[in-house]
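The chains referred to below are lettered A, B, ... by the order of the sequence lines, with proteins before strands, and numbering in each begins at 1. Values in this document were obtained by computation on a predicted structure and should not be read as measured data.
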Amino acid sequence: MICPDRSFYNRSTDLVAVELLGNKLVRIISHGQEKPKRLSGIIVETEAYGSNEDGASHAFRGLTLRNAVMFGEVGRAYIYFIYGNHFCLNISAKPLEIEAGAILIRALQPVEGLKIMKIFRKNCQELSLTSGPGKLGQALNIQKSMNGKDMTDQKSNIHIEFGVKPPGIMATKRIGTSKALDKKWRFISLDTSEKGYVTNRFASRRG
DNA sequence: TCGATGATTGAG
DNA sequence: TCAATCATCGAA
């Protein structure tokens with residue numbers, strides 16, 4: 001299975017965010033003696049975050065303990081805890097000359113392991129399984145201990161597999177922040193958006 | 001230390 | 001529209 005390699009992530013974060021759409025996020029769940037279970041989904045919504053030029057980025061004020069992955073090797077999982085409830089998954093990415101950056105994975109179209117995702121998500125409807133960064137964190141049982149994992153490693157229990165570029169993509173302003181509103185760095189795959197797989201709470205407020 | 005806050009969500 | 005909920009970070 002081909003996948004985006006390390007150099008894929010060594011480019012501008014907004015370009016990487018666009019090109020992650022259509023690829024597959026895979027999570028392997030190991031439980032005792034049972035054989036490992038595959039959970040996966042097509043990436044249908046992403047957001048790019050930059051360095052000290054991007055007021056909305058966690059890296060805006062420089063290196064801290066939390067955002068260290070954004071400053072390190074590209075292609076690694078940056079996982080943070082937010083609002084006392086949710087784990088969100090990013091992949092570190094940046095051109096060589098930029099200090100830090102990451103792509104937030106905001107939504108998936110679930111493909112494999114829906115039954116297990118529904119258990120983690122307390123039996124919600126399919127369209128609500130992974131249609132938000134906190135939701136997919138819960139559906140895939142993403143833990144803080146996975147921070148820094150190599151997303152290009154096909155044997156890892158969380159990684160990216162190569163997929164098909166979606167036919168249509170739209171860029172909007174990023175959600176959940178009031179900063180750097182000039183940057184249209186949220187990207188969604190249009191066909192899956194119409195089916196309701198992306199965050200739609202803000203659908204009426206285009207940007 | 002300490003207080004403010006947040007790349008969200010589910011319920012009302 | 002609103003509260004839940006707590007790790008993180010900058011200021012004191």
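- The side chain of A/R61 places no N or O atom within less than 4.0 Å of a non-bridging phosphate oxygen (OP1 or OP2) of C/dT8.
- Closest to the side chain of A/S128, from the set C/dA4, B/dA7, B/dG10, is B/dG10.
- Minimum atom distance to the side chain of A/L65 is reached by C/dC9, of the listed B/dA7, C/dC9, C/dT8.
- Nearest-nucleotide positions on DNA chain C place A/N85 closer to the 5' end than the other of A/R66 and A/N85.
- Nucleotide B/dA7 forms no Watson-Crick or G-U wobble pair with any nucleotide shown, as no partner meets the under 3.5 Å limit on both distances.
- The shortest heavy-atom contact between A/A180 and A/A56 is CB-N, 4.0 Å.
- For the pair A/P133 and A/K179, both in contact range of DNA chain B, the more 5′-proximal nearest nucleotide belongs to A/K179.
- The side chain of A/K135 lies closest to B/dT9, out of C/dG10, C/dT8, B/dT9.
- The distance from atom CD of A/Q125 to atom C1' of B/dG10 is 14 Å, rounded to the nearest whole Å.
- In this structure, A/E47 places its CD atom 12 Å from C1' of B/dT8, rounding to the nearest Å.
- Distance alone, capped at 3.5 Å, is enough to place a donor-acceptor pair between the A/N67 side chain and the A/T64 backbone.
- Summarising the geometry, the separation between CG on A/L136 and P on B/dA7 is reported as 16 Å, rounded to the nearest angstrom.
- For the pair A/R121 and B/dG10, the criterion of a side-chain N or O lying under 4.0 Å from OP1 or OP2 is met.
- A straight line from CZ of A/F87 to C1' of C/dT5 spans 12 Å, rounded to a whole angstrom.
- Between the base of C/dA7 and the side chain of A/Y80 there is no donor-acceptor pair shorter than 3.5 Å.
- Hydrophobic cluster membership is shared by A/I116 and A/L25, with clusters built from Ile, Leu, Val, Met, Phe, Trp and Tyr side chains linked at under 4.5 angstrom.
- Going from atom CG of A/L127 over to atom C1' of B/dG10 covers 16 Å, rounded to whole Å.
- Between the side chain of A/S92 and the backbone N or O of A/R76, at least one donor-acceptor pair lies under 3.5 Å.
- The pairing partner recorded for C/dT5 is none, the criterion being a Watson-Crick or G-U wobble arrangement whose two distances lie under 3.5 angstrom.
- In this structure, the OH atom of A/Y78 is 11 Å from the C1' atom of B/dG6, given to the nearest Å.
- Distances from the side chain of A/H86 to the nucleotides C/dC9, B/dT8, B/dG6 place B/dT8 closest.
- In the set C/dC6, C/dC9, B/dA7, the nucleotide with an atom closest to the side chain of A/F81 is C/dC6.
- Annotation: cation-pi geometry not satisfied between A/R174 and A/F187 (NZ/CZ under 6.0 angstrom from ring centroid, within 45° of ring axis).
- Linking Ile, Leu, Val, Met, Phe, Trp and Tyr residues whenever their side-chain heavy atoms come within less than 4.5 Å places A/L104 and A/V69 in a single cluster.
- In this structure, A/G84 reaches the bases: a heavy-atom distance under 4.0 Å links it to at least one base atom across the strands shown.
- Whole-Å rounding puts the A/L129 CG to B/dT9 P distance at 13 Å.
- With rounding to whole Å, A/I82 atom CD1 is found 12 Å from C/dC9 atom C1'.
- The side chain of A/K144 places an N or O atom within less than 4.0 Å of a non-bridging phosphate oxygen (OP1 or OP2) of C/dT8.
- Aromatic stacking of A/Y83 on C/dA4: not satisfied for centres closer than 5.5 Å together with planes under 30 degrees.
- The residue A/R174 sits apart from the nucleic acid: no heavy atom pair falls under 4.0 Å.
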